[in-house]
Amino acid sequence: MKKQPLLLTISLLLICQFIGFTQESTPIILNGPEGWNYEKIDFPLDFAPSLPYEGFEELRFAPGMFDVSSSTYFTYLFVLSIQNKEEFPQSELKTLLSKYYKGLCSAVATPKKMAIDTSQIKVRLKNLKKPSSQSKSYSVQIDFFDPFTNGQKILLNMELEVIPNKQTKGVYVLSIVSPQSKESVVWKELYGVKEKLKLQKIISAENR
């Protein structure tokens, strides 16, 4: 994999600081995968302040996240730990994702003077029914733009699970994301990571 140029690395660090990312040495929930960069953001999110939630977000970025030639380009996972929110209907989830990705795109593109029409960012959700499961699963596609590198339009494939957390009367929103097709090796790795983040493990990690 190509190394990132120094100026790009500095630019990304400034962007992360601008939109509220914080570097913390000890993850609360996302303890892996090894070698994937870690970030944590507390609510309210600086780039989407209208989202009315309490809690935090953790993210893990694949090594090739910002390399457009990499097989793991724009591949990452994240979990939202939302407090005092026991019900999370599909319509609200769609609104959350729309505000999140439009706000993120605008926050990163503006200081770089990228002209991006965020009204073209669209979110599509499909319910994935799982028998005997308390969680709700969705297949998601997002028409997005990549403001971190070249500003080009990109189709993000996502699988998302809303998991109730009875101990905190809230929910976890666990997502795996990549523009690669679901049949790719990348998605096999993402599914493997997701399987390791069972509800019991997430709860024990957050309340240790």
Side-chain angles (χ1 to χ4, degrees), residues 1-48 51 55-82 96-97 100-101 103-112 114 140 142 144-152 154-161 172-180 184-198 201-202 205-206 208:
M1 185 186 72
K2 297 179 180 178
K3 292 184 178 179
Q4 291 179 357
L6 179 59
L7 289 178
L8 176 58
T9 301
I10 293 173
S11 174
L12 291 174
L13 289 173
L14 290 174
I15 289 168
C16 288
Q17 185 179 36
F18 174 78
I19 62 178
F21 286 177
T22 58
Q23 287 277 6
E24 296 191 7
S25 58
T26 306
I28 299 173
I29 299 172
L30 298 183
N31 294 306
E34 185 177 351
W36 289 40
N37 290 332
Y38 169 77
E39 302 284 357
K40 179 176 179 292
I41 320 173
D42 291 321
F43 281 96
L45 306 179
D46 288 348
F47 59 87
L51 292 176
F56 61 88
E57 175 184 19
E58 288 189 329
L59 307 98
R60 285 279 188 176
F61 303 104
M65 172 74 181
F66 301 112
D67 181 356
V68 295
S69 65
S70 172
S71 63
T72 57
Y73 166 63
F74 232 96
T75 296
Y76 67 106
L77 61 137
F78 68 87
V79 60
L80 306 176
S81 177
I82 298 176
L96 183 160
L97 292 172
Y100 180 105
Y101 279 96
L104 176 63
C105 188
S106 179
V108 177
T110 298
K112 299 173 73 173
M114 284 185 176
V140 185
I142 302 176
F144 190 57
F145 294 87
D146 176 8
F148 293 97
T149 59
N150 54 20
Q152 295 299 305
I154 179 175
L155 176 63
L156 297 180
N157 294 311
M158 175 187 297
E159 287 209 7
L160 182 151
E161 192 163 358
Y172 298 105
V173 180
L174 174 62
S175 302
I176 50 179
V177 187
S178 178
Q180 295 279 354
S184 67
V185 174
V186 169
W187 273 92
K188 289 182 180 178
E189 181 175 5
L190 286 172
Y191 285 132
V193 171
K194 185 180 177 183
E195 282 302 308
K196 293 180 181 178
L197 292 170
K198 298 296 185 181
K201 188 172 182 179
I202 290 177
E206 184 168 350
R208 61 190 175 190

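You'll find the side chain of Val68 stays beyond 4.5 Å of the side chain of Phe148, heavy atoms only. Counting only heavy atoms from C-beta outward, the side chains of Leu80 and Phe43 approach each other to under 4.5 Å. Between Leu160 and Leu97 there is a side-chain heavy-atom pair separated by less than 4.5 Å.
Phe145 is linked by a ring-ring contact (aromatic ring centres under 6.0 Å, His included) to nothing, counting only residues two or more places apart in sequence or in another chain. Evaluation of the ring-ring contact (aromatic ring centres under 6.0 Å, His included) rule for Trp36 yields no partner, not counting sequence neighbours. Here Thr110 pairs with Ser106 under the side-chain contact (heavy atoms from CB on, under 4.5 Å) rule; sequence neighbours left out.
Looking at every heavy atom in both residues, Tyr172 comes nearest to Ile29 through CE2-CD1, 3.7 Å. Across Thr149 and Phe66, no two heavy atoms sit closer than the pair CG2-O, 3.5 Å. Looking at every heavy atom in both residues, Pro27 comes nearest to Leu30 through CB-O, 3.2 Å. The shortest heavy-atom contact between Phe144 and Tyr101 is CE1-O, 3.3 Å. Of all the heavy atoms in Ile28 and Tyr38, the pair that sits closest is N-OH, 4.0 Å. Contact detail for Leu174 and Val79: the closest heavy-atom pair is CD1-CB, 4.2 Å.
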Please evaluate residues Ile176 and Val193 with respect to the criterion side-chain contact (heavy atoms from CB on, under 4.5 Å), reporting the C-alpha separation (whole Å), side-chain torsions for both, the decisive distance (0.1 Å), and the verdict.
CA-CA 9 Å; Ile176 50 179; Val193 171; 5.7 Å; no

Give the C-alpha distance, both sets of side-chain angles, the deciding distance and a yes or no for side-chain contact (heavy atoms from CB on, under 4.5 Å) between Leu96 and Ile82.
CA-CA 12 Å; Leu96 183 160; Ile82 298 176; 4.2 Å; yes

Trace of the side-chain contact (heavy atoms from CB on, under 4.5 Å) decision for Phe56 with Asp42:
CA-CA 4 Å; Phe56 61 88; Asp42 291 321; 3.4 Å; yes

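Of the possible donor and acceptor atoms, one in the side chain of Gln180 sits under 3.5 Å from a partner among the backbone N and O of Ser71. For Glu57 (side chain) and Phe78 (main-chain N/O), no donor-acceptor pair under 3.5 Å exists by modelled atom type. Side-chain atoms of Ser178 never come within 3.5 Å of backbone atoms of Thr75 as a donor-acceptor pair (strictly under, hydrogens ignored). Judged by distance alone, with hydrogens and angles left aside, the side-chain atoms of Lys112 form a donor-acceptor pair with the main-chain N or O of Pro147 at under 3.5 Å.
Aromatic ring pairs are classed by plane angle as parallel below 30°, tilted from 30° to 60° and perpendicular above 60°; the pair Tyr76 and Phe74 is perpendicular.
With rounding to the nearest 0.5 Å, the separation of CD1 in Ile41 from CG in Asp46 is 8.5 Å.
For the side-chain contact (heavy atoms from CB on, under 4.5 Å) test with Leu77, the passing option among Glu159, Arg60, Lys194, Met158 is Arg60; the others fail.
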